Amino acid sequence: MEQVDSVIIISDTEGDNEDETSVFIVEDSPEALDTSKDKSTEVIDEECGLAITYSKKGNVMPHARYDCVEQDFTRTENEVSGPTGSNLKFCDQCYCYICDKLASECQYWNLPSFCHCNAHNKSKYWKAHRDVALTGALSIFNFDLVDIDSELRHGGALLQTFCLELALEYNNYMMGIITSRSSLIPCICSCHNQFKIFCEMCQMNHVEIQLYSYTPVFNMVNKFLHQTEKEKPKTAAIMMIGVAKEILLHKQPPQEVFNKNDQTSTPSQAVPIFMHRITGALQRMLVLNDFPPYLFNKLKTFYKSLVLPSHCFIFTNSLNVLSWEDPFLTSILRGQNITGQRQKKGRKETFWEDFPVVHARVERMEAREEYRELVRYLRVIKCNDTLKLRALRDKVPFYFCKYGDFNSAAQSFHLSTSLTCCIACRLTPYQYKVYLKILRTGTVPTTCELSDSGQWVHVEGGKLLKSCILLKCSLRILFVNAVLYRDVHCWSRLIQIHCNYFSMEADVLQVPPAGFVKNTAILAASVLADLKSGIVGLPKPFSSVLHREATLILVTMAAAQMLHKNISMMKLVLPLIVAYGKNFWALKLLFDSLSTKEEILHNFCAMLSNNIYIHRSMMIDVVKCHDANYVSDLVTLFLSFEQTTVQSLSIPVLNVLVEEWHEFKTMEHLWIQSLHTFLQTKVVPAMEMVNTAQFTELRNKLNRIL
């Protein structure tokens, strides 16, 4: 058995002073201890009031130097010039309070200006040093030790390693490179070729100068920032804001640089580039990630403490990002504040955020499908980039549709502010067609992209627009947007949706009475004029039993007006004809409206005839989609007009039909038989009455296939 060196004496009563301990270590004493055996006999010291009931040798466990029982320790507040008392001595189990290593392994145990042997836990000075040693680079953020998790610790370790490497590279930059001035500006003096020496004229071009290039430092920081983008959010935030602190301290020597046009050659040009990148990334992190409040606030507080040089003053308040729990922001998202303003300390405060923050909030609310809150946010937010903010606001009608408020979506197309025009002015033809499909069907894409492709779903709880509201909205958009107004595909899509396209109903409307068509067409002129001037009321025919027919008449008259104005600039009109489907009464109205000006009708028919030949695949697809009566009715319609220009449109239709007859052999027998009968009984006899060369040639082709 090992020799007993000391015993532990436990007092029966606790002391009044909390700093005192109830456990005492009794020094080795021949009188008190018998080393031959453990003692279990009770010994009572009446004078001290203590009882020794059992004693055994105590094992010395690892401990801080100031807790050592073998060596005395003298406490001082911040003595670092040298060891105090016998603090230099230590036992085998003594640990350094600062390094957390055995005292025998501490490199700074008795080193002047460090003297870790004097460290103890009752000194604020030494406790601060221990925190720095434990947290490394994280000490600059003043984190509580309990708040430092693995992500933060990893970020601190990477930052600390990088700062050491950066300091070496920056030191090399500050030392500069000694070279000749002629390395910058080549000397062209003739003395070099004649005398091999420098003359008085060019001697100054060959003096040695000291040049500086910040580019190697720039490349090192740039590589480190690329690394941060691959780390987890907490780690990346610590790394980025830590490197910002370092590069903001970089100075520029007054001497010359290698390339003044290179933005990476001087800190005054390079550091703002990095700060723009760092602040933008940090802003996104604070918005997109649910950082704990302590970390969120620490990052903002630390950024405010940074000393910005004159070339970085623009970044002064870049990290003043509101948390999602901020009362100002939550009042806006909940619809309690619709102005984006509040009174704070007697002053009016406007809701304003940097664009990276705005973009990040939009991205997060889209991901969480918080479309109602997103609309409220975009309506009041102000930012430093009005053009990019406008692009985000242009999706407000789409967000309305995403949660089923189609009426508000229709109204939002025409809302404008003092700084920008309405959203309708900036719609593209593709966006217009997608919006028409959304508003007509009550379905939306599953993604947050305004796209006609991909999966679409019905919006739960959404109420479809009334036909008259959809009509007014779609026409007003065309009237305020010149690009859409001249686009034939926009008009064809508008005609399609008012022919019940995209719906479960039949796409053929009933033929209204001739008097109704005539009166509604006359009334349409004044209605269109009102819509162009902003008056959105519609007369009674558009709410009658024939309201669907009335809306198609109005669209047809609007399309005719467009053709009267823009036919000379157009190259494609076939989609308009195809869009009517089998509503030939409305197509006839279109031709009648164009016939008021013979030149317009002639140009339209010539262009349509050319389109049928060039875009014959479109014509064939339309014929296949309908029954054989479609071709019959279309040709009959063309032949029913008195104008020869309209009659001649039947020639390209039938020519394409004859030339592509093999395309229809796969159709049902009844379909082919019906078309065959129509051509034989109606078309060929009608052509007997027309002796033009074109009709004669076509008649011969028909006779051959029949």
Side-chain angles (χ1 to χ4, degrees), residues 95-101 119 121 124-168 170 220-249 271 274-308 315 317-326 354 356-357 360-361 363-364 367:
Y95 268 69
C96 174
Y97 176 64
I98 304 299
C99 303
D100 258 353
K101 300 178 181 178
N121 64 346
K124 292 182 180 179
Y125 173 82
W126 290 115
K127 287 183 71 174
H129 270 266
R130 175 177 170 81
D131 290 344
V132 171
L134 290 176
T135 60
L138 296 178
S139 61
I140 59 178
F141 300 100
N142 295 323
F143 285 125
D144 292 334
L145 293 180
V146 294
D147 294 331
I148 300 177
D149 57 16
S150 59
E151 288 186 34
L152 294 179
R153 195 176 298 279
H154 179 57
L158 294 176
L159 177 62
Q160 189 170 18
T161 303
F162 173 74
C163 288
L164 294 176
E165 297 173 355
L166 181 63
L168 294 176
Y170 178 67
M220 176 178 283
V221 176
N222 189 50
K223 182 179 179 181
F224 182 73
L225 291 179
H226 279 302
Q227 180 185 354
T228 64
E229 294 171 356
K230 302 175 183 178
E231 300 290 342
K232 293 181 179 180
K234 288 184 181 180
T235 303
I238 291 297
M239 294 168 68
M240 284 192 171
I241 202 168
V243 78
K245 175 182 179 296
E246 295 298 321
I247 62 176
L248 287 172
L249 299 175
V271 172
F274 285 133
M275 288 301 296
H276 183 269
R277 180 178 175 182
I278 291 171
T279 54
L282 287 172
Q283 288 170 339
R284 286 183 56 82
M285 288 180 192
L286 292 177
V287 173
L288 294 177
N289 300 284
D290 293 319
F291 286 153
Y294 75 86
L295 179 59
F296 189 94
N297 296 325
K298 286 284 186 183
L299 292 175
K300 291 177 59 176
T301 303
F302 180 79
Y303 185 84
K304 288 181 180 179
S305 68
L306 297 179
V307 179
L308 301 178
F315 303 104
N317 295 315
S318 294
L319 227 58
N320 286 352
V321 180
L322 298 180
S323 69
W324 289 100
E325 292 76 24
D326 184 84
D354 283 339
V357 178
R361 293 200 191 278
E363 184 178 329
R364 173 163 165 157

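Model, not experiment: these values are computed from the prediction. When a residue number appears, it is its place in the shown sequence, counting from 1.
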Worksheet item: How far does CG of Asp354 sit from CG of Asn320, to the nearest 0.5 angstrom?
Response: 9.0 Å
Worksheet item: Considering all heavy atoms of both residues, which atom of Met220 and which atom of Leu166 are nearest to each other, and what is their separation?
Response: SD-CA, 3.7 Å
Worksheet item: Run the side-chain contact (heavy atoms from CB on, under 4.5 Å) check on Val146 and Tyr294 step by step: do they pass?
Response: CA-CA 11 Å; Val146 294; Tyr294 75 86; over 6 Å; no
Worksheet entry | Side chains of Ile278 and Ile247 in contact at under 4.5 Å (non-hydrogen atoms) | yes
Worksheet item: Taking all atoms of both residues into account, what is the closest heavy-atom pair of Pro233 and Met285, and its distance?
Response: O-SD, 3.9 Å
Fill in: Pair Asp290 + Arg364, salt bridge at N-O below 4.0 Å
yes
Worksheet item: His129 and Tyr97: side-chain contact (heavy atoms from CB on, under 4.5 Å), yes or no, with the steps?
Response: CA-CA 10 Å; His129 270 266; Tyr97 176 64; over 6 Å; no
Discussion item. Are Leu295 and Leu152 packed together at the side-chain level, in the sense that at least one heavy-atom pair is separated by less than 4.5 angstrom?
Written reply: yes
Worksheet item: Any side-chain heavy-atom pair from Ile238 and His154 closer than 4.5 angstrom?
Response: no
Response to the item:
Tightest non-hydrogen contact, residues Phe162 and Val243, listed as CE2-CG2, 3.3 Å
Fill in: Validation row: Arg361, Val357 side chains within 4.5 angstrom (heavy atoms)
yes
Fill in: Minimum side-chain heavy-atom gap Ile241-Leu319 below 4.5 Å
yes
Worksheet, complete the sentence: Closest non-hydrogen contact found for Tyr303 with Ser318 is OH-CB, 3.8 Å
Item to complete: Consider only side-chain N and O atoms of Asn222 and Arg277, and report whether a donor and an acceptor are under 3.5 Å apart.
Response: yes
Fill in: Any side-chain heavy-atom pair of His276 and Pro356 under 4.5 Å
no
Practice prompt. Grab the two heavy atoms, one from Trp126 and one from Ile98, that are nearest each other, plus how far apart they are.
Written response: O-CD1, 3.5 Å
Worksheet item: Do Leu248 and Val307 have side chains that get closer than 4.5 Å, going by heavy atoms?
Response: no
Practice prompt. Check whether any side-chain heavy atom of Thr301 lies under 4.5 Å from a side-chain heavy atom of Phe141, and answer yes or no.
Written response: no
